[in-house]
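The structure appears below as structure tokens.
Throughout, a chain's letter reflects where its sequence line sits, starting with A, and its residues are numbered from 1. Values reported hereafter were calculated over all heavy atoms of this structure, with side chains retained and with hydrogens, waters and symmetry mates removed. If you're wondering where the values come from, they're calculated on a predicted model, not measured in any experiment.
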Amino acid sequence: MNYRCLDDLRSFLSGKYPDAKPGSDWEIVADICPAEMNGDITVNCFRFAKIFRKNPDQIATESAEFLSSHPDVEKAEKIKAFVNVTLKGEAVHRDTVAKINEILGSPILPEGKRQKVLIEFSAPNTNKPQHLGHVRNNTIGMSLASLMKRVGHDVVRINLVNDRGIHICKSMIAYQRFGEGATPESSGRKGDHLVGDFYVRFDQELRKQLAELREKNGELKDKTDEELFLQTEIGRSAQDMLQKWEAGDPEVKSLWLKMNSWVFAGFAKTYERMGIEFEHTYLESQTYLLGKDLVEEGVKKGTFFKREDGAVLIDLEDVKLGKKVLLRADGTSVYMTQDLGTTLLKYRDNVPDIQIWVVGDEQIHHFKTLFAILKKMGYKWAENLHHLAYGMVNLPTGKMKSREGTVVDADDLFDEMVALAKAATMERVGEGKVPEDIDRRSEIIGLGAIKFNLLKFNPKTTIMFDPQASIKFEGDTGPYVQYACARINSIERKAKEAGLVIGDDINWKLASSHEEKELSVRISQYRDVLRQSAEKMDSSTLCEYLLELAKAFNRFYREHSVLNADNDELKRTRLALCCRTRDVVADGLKSLTIDVPAAM
RNA sequence: GUUUCGGUAGCUCAGCUGGAUAGAGCAACGGAUUUCUAAUCCGUGGGUCGCAGGUUCAAGUCCUGCCCGAAACGCCA
């Protein structure tokens with residue numbers, strides 16, 4: 001929020017109390033005046049009275065006096081240590097909507113604070129299609145990248161695909177046995193779903209064999225599934241296949257390439273629909289051996305140590321993380337070793353200032369350890385690594401579990417929401433008036449609903465996804481925000497038809513109603529919200545703001561007509577206010593990778 | 001056991017560096033449309049902010065302890 005009277009108040013107070021030396025970065029930040037207080041903005045003097053070592057009440061009195069005589073101010077009223085300010089019509093708009101290009105145009109951060117940011121997200125496994133959990137990850141990652149870019153950072157988006165390992169072999173084994181040569185083409189099934197079917201099929205067979213095993217051997221009854229895995233025929237087969245893969249067996253590699261290509265084709269469609277793109281995609285099959293050389297180096301330097309059996313460990317007791325194995329006694333590497341390797345690879349390829357991982361909160365400990373190790377290894381950039389740990393998505397019925405078939409499939413969810421959006425649109429346009437862009441519109445609304453529904457929560461909270469509630473497009477939703485834009489688009493179209501042109505000579509003084517002023521005041525907060533949202537890496541701050549702005553518009557819409565206003569000058573002023581409001585809302589949604597339909 | 005994250009209205013969640021009488025959406029109930037899109041707007045009811053101490057002029061917010069929930073603490077990824 002940036003108003004001239006606030007800047008002047010700041011100068012006035014600084015001049016009056018020169019001994020306080022508040023520093024140059026100090027500013028007076030006002031809030032929206034609470035509805036019942038009767039004002040436009042509120043200055044909370046508690047916040048900065050400390051700087052002057054004065055009684056907040058005294059500062060408030062002086063501030064109210066100063067503001068009362070300020071040319072921009074209609075009224076300034078002191079209540080306790082708050083000063084509620086009513087701005088004059090032209091002043092309230094002058095520093096916000098009237099200068100919309102300054103709000104929408106430039107990056108938010110000053111040049112010195114812009115950095116090169118590497119964001120890794122998605123990181124799917126190529127053995128099954130993506131589900132709601134992935135959708136949250138994709139949405140958070142993509143919108144974070146977009147938001148960081150919006151505020152001025154140079155962003156590199158990275159996907160690290162988990163395309164090898166025992167879980168991939170499971171699908172392959174099941175396909176060999178039960179696949180009957182099916183392909184996405186022959187079965188008409190999307191590639192990732194087809195492969196996922198065989199992953200499930202493997203599990204069914206494994207359960208059957210586990211049950212048989214336990215029945216035959218009573219003493220195995222108390223063993224876990226994991227412990228018995230290699231005692232089942234199918235489990236052993238999967239393990240054998242993994243070893244063959246690692247040995248480069250041509251037959252296994254060929255099947256692996258074929259099935260993975262199906263999955264990649266499927267993922268590409270899912271990503272495209274979500275509007276997700278990456279600058280680089282790394283494949284684990286090409287990076288999983290990285291990190292081993294670091295281990296040797298670390299032992300030589302004394303950062304790591306060799307245990308009697310030959311395994312290599314690092315001691316992290318001093319940072320309360322215990323000891324961590326980095327190389328097994330048999331010389332094979334572990335997850336951490338790989339991650340050390342890929343982190344280094346990503347750094348060398350991109351040389352970022354900051355690296356961010358969008359990964360579930362169950363891996364908080366892993367990343368703490370990873371960062372601690374890199375610091376011990378002496379990399380200065382290790383100070384700038386962040387794990388954006390997001391919470392799980394639960395259903396009203398409990399946790400999502402692939403095995404129990406309780407996952408919400410990403411593609412199904414998209415289809416369902418888009419179909420609902422389409423049905424809702426059809427219902428409101430009436431019979432025989434199907435818009436030609438209905439499919440594109442429905443896609444924007446349906447996907448917007450899903451994304452907004454995931455982004456309006458703080459990433460770290462474990463959220464409850466209620467399918468019943470999520471199919472509604474009313475209230476705190478993406479479509480609500482989009483709807484405000486659609487209404488404005490409609491006004492703009494009709495204004496054009498009526499030959500109403502905004503022009504350059506807008507008389508902002510005319511937009512003096514409470515609703516019109518509120519729009520301006522809210523818009524003046526936009527840049528601060530963007531900055532804060534990016535800084536906290538929390539999309540919910542921006543979502544909350546966009547809801548408030550859309551709400552303020554809807555209130556205005558209810559109270560004041562644009563096209564039926566008393567005179568053309570007022571029509572033009574209101575039209576300009578509306579269009580600029582929409583531009584801000586659309587910019588905010590775009591920063592979250594949500595589109596706006598032309599009409600709804 | 002240790003660590004981390006949660007606990008705010010019937011439900012789902014906001015509440016930034018402590019500041020006015022704790023907010024929103026949904027659900028419930030009652031209103032609003034000769035007017036630019038009702039995917040809208042307005043109103044009513046609904047709260048010991050997990051509990052107990054402490055710091056402060058001021059605590060949902062900071063500190064300590066405890067209770068409850070989730071996750072992590074692998075030579076799985």
| task | Begin from the C-alpha positions of A:Glu518 and A:Arg522 and carry the test salt bridge (charged side-chain N to carboxylate O under 4.0 Å, His left out) through to its verdict. | result | CA-CA 6 Å; A:Glu518 192 192 344; A:Arg522 294 227 178 250; 3.0 Å; yes
| Going through the distances and angles, do A:Lys422 and A:Asp439 end up as a salt bridge (charged side-chain N to carboxylate O under 4.0 Å, His left out)? | CA-CA 7 Å; A:Lys422 188 170 177 174; A:Asp439 287 325; 3.0 Å; yes
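The phosphate of B:U35 has neither OP1 nor OP2 within less than 4.0 Å of any side-chain N or O from A:Arg558. Contact check, A:Thr425 against B:U37: no side-chain N or O comes under 4.0 Å of OP1 or OP2. Within the structure, a side-chain polar atom (N or O) of A:Lys460 is placed less than 4.0 Å from OP1 or OP2 of B:G6. Applying the 4.0 Å criterion to OP1 and OP2 of B:U37, one finds that A:Lys494 has a side-chain N or O inside that range. The side chain of A:Thr462 places no N or O atom within less than 4.0 Å of a non-bridging phosphate oxygen (OP1 or OP2) of B:G6. An OP1 or OP2 oxygen of B:G15 is reached within less than 4.0 angstrom by no side-chain nitrogen or oxygen of A:Tyr545. For the pair A:Arg555 and B:A32, the criterion of a side-chain N or O lying under 4.0 Å from OP1 or OP2 is not met. Side-chain N/O atoms of A:Lys472 include none lying less than 4.0 angstrom from OP1 or OP2 on B:C11.
When each of A:Phe367, A:Phe121, A:Trp357 is paired with A:His387, the ring-ring contact (aromatic ring centres under 6.0 Å, His included) condition holds for A:Phe367 and for no other.
Distance, A:Leu316 CG to B:C73 P: 15 Å, rounded to whole Å.
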